[in-house]
Amino acid sequence: MPVAPRERGDRVIPMTPLPFLALAGAVAADAPQDAFFESLRALCGRAYEGRVVSTDATDRAMTATRLIMHVRSCTDTEIRIPFHVGENRSRTWVVTRTQDGLRLKHDHRHEDGSEDALTQYGGDSVASGSATRQEFPADRVSREMFVAQDLHPSVTNIWTVEVSPGRLFAYELRRPGRFFRVEFDLTQLAAVPPPPWGAE
(Lines give C-alpha, C1' and ligand atoms only; values in the text may rest on other atoms or scores of the structure.)
Protein backbone atom coordinates (compact mmCIF):
# COMPACT_ATOMS: atom_id res chain seq x y z
CA MET A 1 0.00 0.00 0.00
CA PRO A 2 1.57 3.36 -1.03
CA VAL A 3 2.58 5.76 1.72
CA ALA A 4 1.17 9.27 1.39
CA PRO A 5 3.73 12.05 0.83
CA ARG A 6 4.46 14.46 3.63
CA GLU A 7 4.28 18.21 3.03
CA ARG A 8 6.97 20.60 4.26
CA GLY A 9 6.26 24.19 3.32
CA ASP A 10 6.01 24.30 -0.46
CA ARG A 11 7.86 21.02 -0.94
CA VAL A 12 6.39 17.55 -1.07
CA ILE A 13 8.71 14.92 0.32
CA PRO A 14 7.89 11.35 -0.69
CA MET A 15 8.03 8.97 2.26
CA THR A 16 9.93 5.79 1.41
CA PRO A 17 10.79 2.91 3.73
CA LEU A 18 14.23 3.14 5.23
CA PRO A 19 16.64 0.35 4.25
CA PHE A 20 17.38 -0.53 7.86
CA LEU A 21 13.67 -1.11 8.50
CA ALA A 22 13.53 -3.58 5.64
CA LEU A 23 16.58 -5.32 7.03
CA ALA A 24 15.00 -5.48 10.48
CA GLY A 25 11.95 -7.14 8.94
CA ALA A 26 14.12 -9.76 7.25
CA VAL A 27 15.90 -10.54 10.51
CA ALA A 28 12.59 -10.86 12.33
CA ALA A 29 11.31 -13.28 9.68
CA ASP A 30 14.30 -15.57 10.23
CA ALA A 31 14.15 -15.40 14.02
CA PRO A 32 11.54 -18.20 14.54
CA GLN A 33 13.60 -20.69 12.52
CA ASP A 34 16.79 -19.71 14.33
CA ALA A 35 15.06 -20.15 17.69
CA PHE A 36 13.63 -23.49 16.57
CA PHE A 37 17.03 -24.79 15.43
CA GLU A 38 18.69 -23.69 18.67
CA SER A 39 15.96 -25.38 20.76
CA LEU A 40 16.69 -28.61 18.92
CA ARG A 41 20.43 -28.19 19.32
CA ALA A 42 20.01 -27.66 23.06
CA LEU A 43 18.83 -31.30 23.25
CA CYS A 44 22.07 -32.62 21.71
CA GLY A 45 23.31 -35.85 23.23
CA ARG A 46 20.02 -36.64 24.94
CA ALA A 47 17.46 -39.36 24.26
CA TYR A 48 13.75 -39.46 25.05
CA GLU A 49 10.99 -42.05 24.94
CA GLY A 50 7.84 -41.39 22.95
CA ARG A 51 4.48 -42.77 21.93
CA VAL A 52 2.24 -42.66 18.88
CA VAL A 53 -0.73 -40.38 19.61
CA SER A 54 -2.45 -40.64 16.20
CA THR A 55 -4.99 -43.38 15.54
CA ASP A 56 -4.45 -44.60 11.95
CA ALA A 57 -4.72 -48.39 11.79
CA THR A 58 -1.49 -48.42 9.75
CA ASP A 59 0.46 -47.50 12.89
CA ARG A 60 -1.13 -50.00 15.29
CA ALA A 61 1.99 -52.17 15.56
CA MET A 62 4.14 -49.13 16.36
CA THR A 63 1.90 -48.15 19.29
CA ALA A 64 2.98 -51.34 21.08
CA THR A 65 6.69 -50.78 20.42
CA ARG A 66 9.25 -48.82 22.45
CA LEU A 67 10.07 -45.59 20.61
CA ILE A 68 13.24 -43.59 21.28
CA MET A 69 14.51 -40.41 19.65
CA HIS A 70 18.15 -39.45 20.18
CA VAL A 71 19.52 -36.02 19.26
CA ARG A 72 22.81 -37.66 18.38
CA SER A 73 24.92 -35.07 16.56
CA CYS A 74 24.74 -31.31 16.14
CA THR A 75 26.70 -28.69 14.25
CA ASP A 76 25.94 -25.08 13.41
CA THR A 77 24.16 -26.26 10.25
CA GLU A 78 22.93 -29.83 10.82
CA ILE A 79 21.19 -31.86 13.53
CA ARG A 80 20.81 -35.65 13.20
CA ILE A 81 18.07 -37.36 15.21
CA PRO A 82 17.86 -41.16 14.98
CA PHE A 83 14.36 -42.54 15.61
CA HIS A 84 14.46 -46.08 17.01
CA VAL A 85 11.38 -48.29 16.69
CA GLY A 86 12.05 -51.25 18.95
CA GLU A 87 15.21 -52.91 17.62
CA ASN A 88 14.84 -51.19 14.25
CA ARG A 89 17.51 -48.51 13.91
CA SER A 90 16.94 -47.66 10.24
CA ARG A 91 15.53 -44.14 10.58
CA THR A 92 17.27 -40.79 11.13
CA TRP A 93 15.67 -37.36 10.86
CA VAL A 94 18.10 -34.74 9.57
CA VAL A 95 17.36 -31.04 10.10
CA THR A 96 19.63 -28.67 8.16
CA ARG A 97 19.94 -24.91 7.90
CA THR A 98 19.65 -23.64 4.32
CA GLN A 99 20.10 -20.21 2.79
CA ASP A 100 16.32 -19.72 2.85
CA GLY A 101 15.28 -21.55 6.01
CA LEU A 102 15.32 -25.14 7.24
CA ARG A 103 15.27 -28.55 5.56
CA LEU A 104 14.05 -31.91 6.88
CA LYS A 105 15.30 -35.14 5.32
CA HIS A 106 14.78 -38.81 6.18
CA ASP A 107 17.91 -40.97 6.11
CA HIS A 108 16.83 -44.65 5.88
CA ARG A 109 19.41 -47.42 6.14
CA HIS A 110 19.58 -51.20 6.14
CA GLU A 111 21.26 -53.07 8.97
CA ASP A 112 24.47 -53.33 6.92
CA GLY A 113 24.54 -49.53 6.64
CA SER A 114 23.54 -49.33 2.98
CA GLU A 115 20.86 -46.85 1.96
CA ASP A 116 17.29 -48.01 1.53
CA ALA A 117 15.69 -47.52 -1.89
CA LEU A 118 13.42 -44.95 -0.23
CA THR A 119 15.71 -42.49 1.51
CA GLN A 120 16.78 -38.83 1.62
CA TYR A 121 13.23 -37.67 1.03
CA GLY A 122 11.76 -34.61 2.74
CA GLY A 123 11.41 -30.92 2.02
CA ASP A 124 12.23 -27.33 2.84
CA SER A 125 10.30 -24.96 5.07
CA VAL A 126 8.14 -22.66 2.96
CA ALA A 127 7.29 -20.15 5.68
CA SER A 128 8.96 -18.82 8.82
CA GLY A 129 6.80 -21.03 11.02
CA SER A 130 7.28 -20.46 14.72
CA ALA A 131 9.97 -21.03 17.33
CA THR A 132 8.17 -24.27 18.29
CA ARG A 133 6.77 -25.63 15.00
CA GLN A 134 8.15 -25.99 11.47
CA GLU A 135 6.46 -27.56 8.42
CA PHE A 136 8.17 -29.23 5.45
CA PRO A 137 6.14 -30.05 2.31
CA ALA A 138 7.58 -32.74 0.03
CA ASP A 139 10.13 -31.24 -2.36
CA ARG A 140 10.47 -31.97 -6.07
CA VAL A 141 13.12 -34.68 -5.64
CA SER A 142 10.96 -36.46 -3.09
CA ARG A 143 7.84 -36.24 -5.24
CA GLU A 144 9.70 -37.72 -8.19
CA MET A 145 11.01 -40.52 -5.96
CA PHE A 146 7.51 -41.32 -4.70
CA VAL A 147 6.10 -41.43 -8.22
CA ALA A 148 8.96 -43.65 -9.42
CA GLN A 149 8.25 -46.09 -6.57
CA ASP A 150 4.48 -46.04 -7.13
CA LEU A 151 3.84 -44.16 -3.89
CA HIS A 152 1.65 -41.52 -5.51
CA PRO A 153 -0.30 -40.47 -2.38
CA SER A 154 2.99 -39.46 -0.73
CA VAL A 155 3.59 -36.59 -3.17
CA THR A 156 1.31 -34.45 -0.97
CA ASN A 157 3.21 -35.27 2.24
CA ILE A 158 3.76 -32.49 4.75
CA TRP A 159 6.06 -33.29 7.65
CA THR A 160 6.08 -31.25 10.83
CA VAL A 161 8.57 -31.10 13.68
CA GLU A 162 7.69 -29.46 16.98
CA VAL A 163 9.86 -28.70 19.97
CA SER A 164 8.53 -27.10 23.14
CA PRO A 165 11.62 -26.74 25.37
CA GLY A 166 11.39 -28.72 28.58
CA ARG A 167 8.08 -30.28 27.55
CA LEU A 168 7.61 -31.94 24.17
CA PHE A 169 9.23 -33.01 20.90
CA ALA A 170 6.88 -34.21 18.16
CA TYR A 171 7.17 -35.53 14.61
CA GLU A 172 4.15 -35.52 12.35
CA LEU A 173 3.21 -36.65 8.85
CA ARG A 174 -0.02 -35.66 7.16
CA ARG A 175 -1.65 -35.83 3.76
CA PRO A 176 -5.22 -36.45 2.64
CA GLY A 177 -6.36 -39.71 4.23
CA ARG A 178 -3.18 -40.14 6.34
CA PHE A 179 -2.10 -38.75 9.70
CA PHE A 180 0.80 -39.92 11.88
CA ARG A 181 2.08 -38.21 15.01
CA VAL A 182 4.57 -39.34 17.64
CA GLU A 183 5.31 -37.31 20.77
CA PHE A 184 8.33 -37.52 23.09
CA ASP A 185 8.35 -36.42 26.72
CA LEU A 186 11.26 -34.02 27.27
CA THR A 187 10.82 -34.08 31.04
CA GLN A 188 12.25 -37.63 31.29
CA LEU A 189 15.62 -38.67 29.89
CA ALA A 190 15.95 -42.15 28.38
CA ALA A 191 19.10 -44.23 28.14
CA VAL A 192 21.12 -43.35 25.05
CA PRO A 193 20.47 -46.07 22.42
CA PRO A 194 23.03 -47.74 20.15
CA PRO A 195 24.00 -45.82 16.97
CA PRO A 196 21.60 -45.92 14.03
CA TRP A 197 22.44 -48.38 11.28
CA GLY A 198 25.24 -47.08 9.11
CA ALA A 199 26.66 -44.79 11.80
CA GLU A 200 28.78 -47.26 13.75
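These numbers were taken from a predicted model, which means no experiment stands behind them.
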Engineer: Which pairs with one or both residues in residues 126-175 pass disulfide (SG to SG under 2.5 Å), sequence neighbours excluded?
Structural biologist: none

Engineer: Do you know which two heavy atoms are closest between Q33 and S128, and how far apart they sit?
Structural biologist: CG-O, 3.3 Å

Engineer: Quick one: which residue pairs count as a disulfide (SG to SG under 2.5 Å) with a foot in residues 128-165, not counting sequence neighbours?
Structural biologist: none

Engineer: With sequence neighbours excluded, give me every disulfide (SG to SG under 2.5 Å) pair touching residues 37-94.
Structural biologist: C44-C74

Engineer: Between T65 and G86, which heavy-atom pair has the shortest distance, and what is it?
Structural biologist: CG2-N, 3.2 Å

Engineer: Under the side-chain hydrogen bond (donor to acceptor under 3.5 Å, both in side chains) test, which residues partner Q120, sequence neighbours left out?
Structural biologist: D107, E115

Engineer: Does E162 have any side-chain hydrogen bond (donor to acceptor under 3.5 Å, both in side chains) partners at least two apart in sequence or in another chain, and if so, which?
Structural biologist: R133, R181

Engineer: Are Y171 and L168 grouped together when hydrophobic residues (ILVMFWY) are joined by side-chain heavy atoms under 4.5 angstrom apart?
Structural biologist: no

Engineer: Any pair with a residue in residues 40-81 that passes ring-ring contact (aromatic ring centres under 6.0 Å, His included), sequence neighbours left out, goes on the list, sorted by first then second residue, please.
Structural biologist: none

Engineer: Could you go through the salt bridge (charged side-chain N to carboxylate O under 4.0 Å, His left out) check for D76 and R97 one step at a time?
Structural biologist: CA-CA 8 Å; D76 290 341; R97 288 187 191 268; over 6 Å; no

Engineer: Would you please name every residue forming a side chain to side chain contact (heavy atoms under 4.5 Å, CB included) with S90, sequence neighbours left out?
Structural biologist: N88, W197

Engineer: Quick check on the hydrophobic clustering: are L104 and L40 connected, directly or via other members, by side-chain heavy-atom contacts under 4.5 Å?
Structural biologist: yes

Engineer: Suppose we screen for side-chain hydrogen bond (donor to acceptor under 3.5 Å, both in side chains). Which residues come up paired with N157, at least two apart in sequence or across chains?
Structural biologist: R175

Engineer: Side chains of S114 and D112 only: does a donor on one sit below 3.5 Å from an acceptor on the other?
Structural biologist: yes

Engineer: Can you classify the ring geometry of F184 versus W93 as parallel (below 30°), tilted (30 to 60°) or perpendicular (above 60°)?
Structural biologist: perpendicular

Engineer: Determine whether K105 and E78 satisfy the following criterion, salt bridge (charged side-chain N to carboxylate O under 4.0 Å, His left out), listing intermediate values before the conclusion.
Structural biologist: CA-CA 11 Å; K105 289 289 183 175; E78 181 186 270; over 6 Å; no

Engineer: Going by the rule side-chain hydrogen bond (donor to acceptor under 3.5 Å, both in side chains), which residues pair with S142 if we only count those two or more places apart in sequence or in a different chain?
Structural biologist: D139

Engineer: Taking a hydrophobic cluster as the set of Ile, Leu, Val, Met, Phe, Trp and Tyr residues connected by side-chain heavy atoms closer than 4.5 Å, whether directly or through intermediates, do V85 and V71 fall within one such cluster?
Structural biologist: yes

Engineer: Does V192 share a hydrophobic cluster with F83, counting links as ILVMFWY side-chain heavy atoms below 4.5 Å and allowing steps through other members?
Structural biologist: no

Engineer: Provide the full list of salt bridge (Lys or Arg N to Asp or Glu O under 4.0 Å) pairs with a residue in residues 184-198, sequence neighbours left out, each pair given once.
Structural biologist: none

Engineer: With the 4.5 Å side-chain cut-off for hydrophobic clustering, are V95 and V182 part of the same group?
Structural biologist: yes

Engineer: Restricting to pairs with a member in residues 147-160, which pass salt bridge (Lys or Arg N to Asp or Glu O under 4.0 Å), not counting sequence neighbours?
Structural biologist: none

Engineer: Using the salt bridge (Lys or Arg N to Asp or Glu O under 4.0 Å) rule, collect all pairs that involve residues 43-52, keeping only residues at least two apart or in two chains.
Structural biologist: E49-R66

